[in-house]
Amino acid sequence: MTEELKGQLAVVTGAARGIGAAISKQLASMGATVILAARDRAKLDQVQQEIASAGGTAHAIELDLLSEESIAALGSTITMQYGRCDILVNNAGVGLLGKPLVEMSPADWDTLMGTNLRGPYLMVRALAPLMIAAKSGHIINISSLAGRNPLPNGAAYSASKWGLNGLTYSLAEELRPHNIRVSVIAPGSVDTSFGRGEPGNPRKIQPDDVARIVAMLATQAPQSFVSEVLIRPTQKP
Ligand code: NAP
């Protein structure tokens, strides 16, 4: 445990497993109070207990990014109970990969865009006012190399992450006068159960690798640039 983020409140979406759980543990180990947000209450509680056992502080809040009401409720809870949000990590995402775009249903398109792009927009809408009032804060979006490169049979996913990158760059300009940073991390294939995969491939980028980049960004001071970190694997997974 360190104290670099002591006194800070961090909200992490998709904290129930994978990259979001690793980011949450990392931020808690640096002294932040972490709000773990996702749909699966049992998994959130498990992450919360792991953080508590390591001496950190976290609280689980159920969140469905596809529900505007759910996001507004999380925003109200954080505003009333904590009155601050220092770090927002928009991590939750779905892939729905493996099909040509012409075979993708409009319902799946909406789920994907709703989770990966509309979700972060609504989270910013709910929590950035606290940052604006405090004249400080950091929003970190978890994108993907698919937001920089073509991804056949993943066009909608790729489009959602290109969109998240665009949201990052423009939002960074909008929020800079308020002393709020907006950053984006774009990893290649990470060792999680994302999509149909099972974790356990040490040749892939590990969730902790992404978490360490979040830690680095969260402790960086300068407001004058957008941090965009690409994580490319050095070997084929
Ligand atoms: P994961 O293991 O599948 O975890 C996804 C997380 O998002 C889960 O905690 C899930 O929790 C949450 N989530 C999904 N839909 C949600 C919704 N409607 N509302 C709230 N939470 C929701 O995936 P991961 O690998 O950790 O991926 C995390 C992020 O990294 C995603 O944005 C992904 O696009 C990105 N990424 C992943 C990879 C990779 O290869 N794994 C590579 C590059 C980028 P619940 O189901 O409990 O809600």
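Counting convention: from 1, in listed order, for ligands and their atoms alike. Values below: every heavy atom of this structure, side chains too, minus hydrogens, waters and symmetry copies.
For ligand 1, the polar-atom distance check finds an N/O of Arg17 within less than 3.5 Å of one of the ligand's N/O atoms. Distances between N or O atoms of Gly14 and those of ligand 1 include at least one value under 3.5 Å. Between Leu65 and ligand 1, an N or O atom pair is found at a separation short of 3.5 Å.
To the nearest 0.5 Å, atom CG of residue Asp191 and atom CD of residue Glu198 are 10.0 Å apart. To the nearest 0.5 Å, atom CG of residue Leu164 and atom CE of residue Met113 are 11.0 Å apart. Summarising the geometry, atom OG belonging to Ser183 is positioned 11.5 Å from atom CD1 belonging to Ile213; distances are rounded to the nearest 0.5 Å. The structure places CG of Leu112 at 8.5 Å from NZ of Lys161, a figure rounded to the nearest 0.5 Å.
No path of Ile, Leu, Val, Met, Phe, Trp and Tyr side chains, each step under 4.5 Å between heavy atoms, connects Leu230 with Ile205, placing them in separate hydrophobic clusters. With hydrophobic clusters built from ILVMFWY side chains whose heavy atoms lie under 4.5 angstrom apart, Phe194 does not share a cluster with Leu145.
Under 4.0 Å from ligand 1, the heavy atoms of Leu63 that appear belong solely to its backbone. Contacts with ligand 1 closer than 4.0 Å are made by no heavy atom of Lys204, backbone or side chain.
Nearest to atom 31 (C) of ligand 1 by heavy atom, out of Ile205, Ile142, Val190, Asn91, is Asn91.
Ligand 1 lies within reach of Gly188, whose nearest heavy atom is under 4.0 Å from it.
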Evaluate side-chain hydrogen bond (donor to acceptor under 3.5 Å, both in side chains) for Thr13 paired with Asn91, printing each intermediate quantity in order.
CA-CA 5 Å; Thr13 68; Asn91 162 77; 5.2 Å; no
Asn116 and Ser160: CA distance, side-chain angles, deciding distance, side-chain hydrogen bond (donor to acceptor under 3.5 Å, both in side chains) verdict
CA-CA 6 Å; Asn116 296 5; Ser160 74; 3.1 Å; yes
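In this structure, the protein non-hydrogen atom closest to atom 22 (C) of ligand 1 is Ala92 CB, 3.8 Å. Taking atom 23 (O) of ligand 1 as the reference point, the nearest protein heavy-atom neighbour is Phe194 CD1, 3.3 Å. Regarding atom 34 (O) of ligand 1, its nearest protein heavy-atom neighbour is Tyr157 OH, 2.6 Å. When hydrogens are left out, the protein atom nearest atom 44 (C) of ligand 1 is Ser143 O, 3.1 Å; that is the closest non-hydrogen contact. In terms of protein heavy atoms, atom 18 (N) of ligand 1 is closest to Asp64 OD1, 3.0 Å. Scanning all protein heavy atoms for the shortest distance to atom 37 (C) of ligand 1 gives Ile19 CD1, 3.8 Å. Of all protein heavy atoms, the one closest to atom 15 (N) of ligand 1 is Arg39 NH2, 3.1 Å. Closest to atom 47 (O) of ligand 1, if we only count protein heavy atoms, is Asp40 N, 2.9 Å.
Under a cut-off of 6.0 angstrom, the local environment of CZ in Arg41 is crowded, with over 12 non-hydrogen atoms contributed by other residues, nucleotides or ligands. Heavy atoms from other residues, nucleotides or ligands lying under 6.0 Å from CD of Glu103 number more than 12.
Close approach to Gly18 involves these atoms of ligand 1, each under 4.0 Å from a residue heavy atom: 2 (O), 26 (O). Of all atoms in ligand 1, numbered sequentially from 1 with element shown, those under 4.0 Å from a heavy atom of Ser144 are 43 (C), 44 (C). Each of the atoms 2 (O) of ligand 1 lies under 4.0 Å from some heavy atom of Ser193.
Side-chain N/O atoms of Thr33 and His59 include no donor and acceptor closer than 3.5 Å.
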